[in-house]
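Step one of this worksheet: look at the structure below.
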Amino acid sequence: MAGPSASSSDALPRQRGIRIAIDRGGTFTDCVGNYDGKDVVIKLLSEDPANYSDAPLEGIRRIMSHFLGRDIPRGQALDTSCIDSIRMGTTVATNALLERKGEKIALVVTKGFGDCLAIGNQSRPRIFDLAIRKPEVLYSSVVEVDERVTLEDYAEDPERRVTKVDVRVGTAEAEGADLVMGLSGEAVRVLRRPDREAVREQLQRVFDGGIRSIAVCLMHAYTFPDHEALVGEVAREIGFRHVSLSHELMPMIKLVPRATSVCADAYLTPAIKRYISGFQQGFKGGLGTKSVKQGEGNKGARCEFMQSDGGLVDVDKFTGLRAILSGPAGGVVGYAITSYDEKTKIPVIGFDMGGTSTDVSRYGEGRYDHTFETTTAGVTIQSPQLDINTVAAGGGSMLFFRNGLFVVGPESAGAHPGPACYRKGGPATVTDANLFLGRLLPEFFPKIFGKNEDEGLDREASRKVLQELADQIHRETGKAMDIDEVAYGFLTVANETMTRPIRSITEAKGHDTSKHRLATFGGAGGQHAVAIAESLGIKQILIHRYSSVLSAYGMALADVVDERQEPESAVWSDKSDVVDQLKKKVEALKDKSRQALRDQGFEDNEIVFEEYLNMRYRGTESALMIIKPTEGEHEWDYGAAFVKHHRYEFGFTLDDRDIIVDDVRVRGIGRSFRYEEKSADEQLRTVTRKDVKPDKKHSVAKVYFEGGRVDTPIYKLESLAVGEAVKGPAMLADGTQTIVVTPNATALVLETHVVIDLPESEKDRYSKASGEREVDPIMLSIFGHRFMAIAEQMGRALQKTSVSTNVKERLDFSCAIFDATGGLVANAPHLPVHLGSMSTCVRRQAEIWKGKLKKGDVIISNHPSYGGTHLPDVTLIMPAFNEAGDKILFYAASRAHHADIGGITAGSMPPHSRELQQEGAAIKSEKLVSEGKFNEERVIELFYKEPAKYPGCSGTRCLADNINDLRAQVSANQKGISLIEGLIAEYGEDTVQFYMVAIQNNAELQVRNLLRAVHDRFQGKDLSAEDFMDDGSPIRLQIVIDRDRGEAVFDFAGTGPEVYGNINAPEAISYSAIIYALRCMIREDIPLNQGCLKPITVKIPPKSLLSPSDNAAVVGGNVLTSQRVTDVIFRAFEACAASQGDCNNLTFGFGGNVSGQQEVRGFGYYETIAGGSGAGPTWEGTDGVHVHMTNTRITDSEVFERRYPVLLREFSIRKGSGGRGQHRGGDGVVRDIEFRIPVQVSILSERRVFRPYGMAGGEDGQCGLNLWVRRVKKASWESSLRKLQQTGEDNNTDGNGNDDAEYEERFINLGAKNSAPMKAGDRIIVYTPGGGGWGKVGQEKALGQAPDPMQSWKKGSLAAREETALQA
């Protein structure tokens, strides 16, 4: 098969042998061989034990047989002297990770942090799963080493003190010094050095237990690696075969991702080394640089493996950590090199749709998009990887009709049984819909199905499963749809399901999808490319000749890469001393990289470098990797480049803040093969177009397009000549792919690509007159996605443009859209407590401002009696008008938790507030923006001046953050409005309004069905439950269900009165708890909107703590009472045992502008701490996780110590705190924090008196406990008498005024809610509650959990940002 030749560049000698590139995928192994300008392509099954043991070896054997013109027998060692190079991508690492079949390893970590990976970031992956599943850890045992260092200075210091140290880490002087300058330029205090012999004893025990691979990750080792190095030395002396040290793999701050990465490396590298040594045994002569250099006897062949970052590495240097995206990375390199033109610079979105997954990536600006923290198979990894995101399960995505909606995936039919048409009795899938509609051609598909593996695809089986779905739709909705409509409906919804995350990925980084091209590859890409491009507003699609083997082809074109990185902490300035220091670091890294590439056989003229600084604004965690600027004369002007990039990606800059350099990175590139084909753009300029002649068609088939089946010509790709244009409808096919060209689109054949051009799309099908309308389930499903996508994109805009840690990193916010009456349409909640509670607020404001709002106005409110939850949650509401501007069609609203809004304590979460004013700024209803003008003066009044008027209260302690976050909320609302306007432009106002009501009716129907099912389960009995707050206040609930109408009354009669404290909960909170609990029990994705509450009547006794008066304190209601209300609802439904029932709110800080006192600059910090979750009828509780009404992440331990003056002594699982039972409750955690300067510390918690209940005979979980550890003077009458006799005075000083008192450590119980002024050296230890057990102790377990269909998905930057978030 002739095709593009990758001929050598001038720098390289003439090709001396066959070049081979291989991608070993999950199902198929693709091989591309090249010799003397000729290519051969081979596709074979990855697993075929009857015929061969290793697919890549078999592929190489076939390629060599082809070029040498003789058959090489199987099993004969292959002669490397005929091979120039072998390049490979492999799924060995990914499979070992997915199937958890790696090496048995031990994790070595700093004392107190043995559970750091079990706790992770404490959030749960899916907010509505009562059976919480966190990824299992990779290690079999843990060693805690008694060593400790910390950073001397802290970033939030208002005085910006920097300790100067001359002794550098790694030098001889550093060995005895207490203060050392770390690699990052930060002062490191050494608190305890490890005892070499003690470490040896600990590691020897592990070794004797049979473990041969260890992962070492110690606190702050990214900047102070000496202790890790010592552990590594001892481990090698003992004889461990593999030792992974975190500072060598990835010297970046963040303990948890670094520890996971080092575990992944220790777990996977031995498996890879085993695979490679088996692979090498198939050759005569060696593989890799070493064998080429030695050149004895049979000359060796170069052998390189593709890494996750898109660069190749020599076979001897290939490690587990860098291998996870080895295969997919080749595809990205393939389309980047073949589809991007350096002259036109049109960016490309890669769309790789295979049988089991659909992956999306982007290439623009002439370089790869890397991400440094991603999750694969439940393991979060810190290492440079191409930003590849799985957005769907591919052709194998299963089709369902659930609750009146068309649903596609995420469940996959996999390779076994596969789609129904694979003749193995599989389910209905996307592939079946394509086959039935004629978009997949069985005659072009390999005949490998059936009993004897010699039959083609079975169209009849596809028809049968689709007919079953059509029958189900008719049964449930009364709507008769033919199979064509049903199949096409599923394809439409599948495309919508995929475009939602694609839009997110591109727009989250500030790119506009419509300005891209779509490069599609993988077996199933061609069938969906046009629809996906249309939906994204893309006008041109590129499909490479080798698109079905593009990953392998990409390996052939890739460069060898050497990545180096070092931590830094410099404050950027254009002054020469800072620049010189950074340049020195860069040059040192370049030297190391250059040497490594020389060792792999590269000459200096083949080596180029990309130089990066990882930069961020002080006080934020959103660092950006900035490549060395090339434009203009200032080549080292990184500062300006960062500001420009920050404005592009986040939409704002912080000109008054320092820019911090976190890391210095160098990417050394060894240029190996050059791609010398003309780019698609060059070909498009010079090609002579001619319409294809009708007689070229291979056959005609009836293919379904929107509106019905059409006679569609089918062309064989190889029979089309360059320059021939095929007008749609048409199908282009060869043995490996089918390309669908829709009516109106045109395909043009080039030498290297097929280019499909799309016309402007027009949607007219759904703009019916409003009279004759019935709900179309396909449109309902699409609008469900569209409304949700708007709320998600608002959330992304808010997260991107916000400044505070609370919003940007902890995702403590919610965005939603509402209909004209204030009814919730779609909500992207990151926290369940925001669910449904915003609509009370929007409705109230809509009434207040009726007829008074104009375009561009924004209302602000946070008052509990106006639909607020607690004061730090500030809501901004913006109306969307019709074209004439005289009628409100919708509202967009965002609610964000502001870290400080004034009040009596820093962090605005006072444990002792008695009245609302003590909790900070309380805003009933104000106009924040008038016709687009932001009123900053009024914000200063409301947030800073007003709160300070009350005795003992301060205004906000971080006004600049408040203003920035409010602006971010405004821009999020703006985003929502413009997206809604776009939707109306596309479908018409009536249609959008119609489906806005229909989607609420759909949710209502599902809740009615749930209530009927519950009524039957309890045989019509009324449900009731009660529980108590720690002060004894009862919360009582009775639920009466009317089966006929599918309605329920939730009656809280008997609940305790309003409290002179802060656990009063505004009414909105009970509504949130009810929606959340119902959604958990439905256990399926349903739209969460106003419809959920329509069948529910809620009765809350007035003047109770669930309906407090205007000025009642409520700060604890949102975070504590909400959890107890949830516990009571689940108890009534007997759904699960109680979880920790608490958020454990801890705040500390100093400073403020308290009335009558001088203003003090300070800081405030706020965190919520995980506990145990409750067990259930089919699951065990989970340890150390956030439950029910919250799901915020915890700040990483190293970042915590870098930003604040603290020492985290311990963060571990509180063993045995979960209730025992048939299924045990989850354990709580222990968090022990020592303060290094005096601060005010407050704790606001619950379940310190009443234990979390067990269910069905299970035992209760343990209560929590808050301890203050303080040093107090020892006082006894003897010592006082002695003093009196010596000095005549009873004090603790000697005659010279020196303090010689003895001190002792005292443990003082703070109770559930308290605040204390802690001195330097004082500690707070929080023991959080466990979850209740389920079932009697000793009963046989009845565990049953469905597997997670998204386990194998590649979670690039999108998921890193959203994992905790947008899953509602």
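Each residue takes its place number in the sequence, starting with 1. Just so we're clear, the structure is a prediction, and the values are computed from it rather than from any experiment.
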Closer than 4.0 angstrom, basic N to acidic O: yes or no for [X] and [Y]?
| X | Y | answer |
| --- | --- | --- |
| E485 | K479 | no |
| D711 | K702 | yes |
| R517 | D341 | no |

Criterion side-chain contact (heavy atoms from CB on, under 4.5 Å) on L469 and F406, from CA distance to verdict: CA-CA 10 Å; L469 283 164; F406 279 59; over 6 Å; no
May I ask you to decide if [Y]'s main-chain N or O and [X]'s side chain share a donor-acceptor pair within less than 3.5 Å?
| X | Y | value |
| --- | --- | --- |
| H753 | T338 | yes |
| T513 | L536 | yes |
| T492 | Y488 | yes |
| S551 | G331 | yes |
| D484 | Y704 | no |
| N495 | M498 | no |

[X] and [Y]: which non-hydrogen atoms are nearest, and at how many Å?
| X | Y | result |
| --- | --- | --- |
| L518 | I538 | N-CG2, 3.8 Å |
| L466 | D432 | CD1-O, 4.0 Å |
| C421 | L435 | CB-CD2, 3.5 Å |
| T429 | P419 | OG1-CB, 3.1 Å |
| A519 | S339 | CB-OG, 4.1 Å |
| G438 | M731 | O-CE, 3.1 Å |

From CA spacing to verdict: side chain to side chain donor-acceptor pair (under 3.5 Å), D819, Q1000 | CA-CA 10 Å; D819 62 24; Q1000 294 181 45; 3.1 Å; yes
Can you find a heavy atom in the side chain of [X] that is under 4.5 Å from one in the side chain of [Y]?
| X | Y | value |
| --- | --- | --- |
| F401 | V486 | no |
| I999 | L780 | yes |
| F783 | M996 | no |
| R459 | P442 | no |
| Y422 | P417 | no |

- Message: A cation-pi test, strictly: NZ or CZ of R709 under 6.0 Å from the centre of the six-membered ring of F436 and no more than 45 degrees from its axis. Yes or no?
- Response: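 Verdict for F436: a cation-pi partner in R709.
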Report task. Determine whether more than 12 heavy atoms belonging to other residues, nucleotides or ligands lie under 6.0 Å from atom NZ of K43. Result ->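 Above 12, so yes.
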Take a 6.0 Å sphere around NZ of K727 and say whether it holds more than 12 heavy atoms from other residues, nucleotides or ligands.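 No, NZ of K727 has 12 or fewer neighbouring heavy atoms, counting only those of other groups under 6.0 Å.
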- request: Please determine which of K424, R423, R463 meets the salt bridge (Lys or Arg N to Asp or Glu O under 4.0 Å) test together with D458.
  value: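 Only one option passes, and that is R423.
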key: Parallel, tilted or perpendicular, as decided by the 30° and 60° cut-offs, for the rings of Y335 and F521   =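 Plane angle between 30° and 60°, so tilted.
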With under 30° as parallel and over 60° as perpendicular, where do the rings of Y546 and Y553 fit, or are they tilted in between?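 Rings of Y546 and Y553: perpendicular, as their planes differ by over 60°.
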| said: So that I know where these two stand, are Y995 and Y987 an aromatic pair - ring centroids less than 6.0 Å apart? | reply: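 When the ring centroids of Y995 and Y987 are compared, they turn out to be at least 6.0 Å apart.
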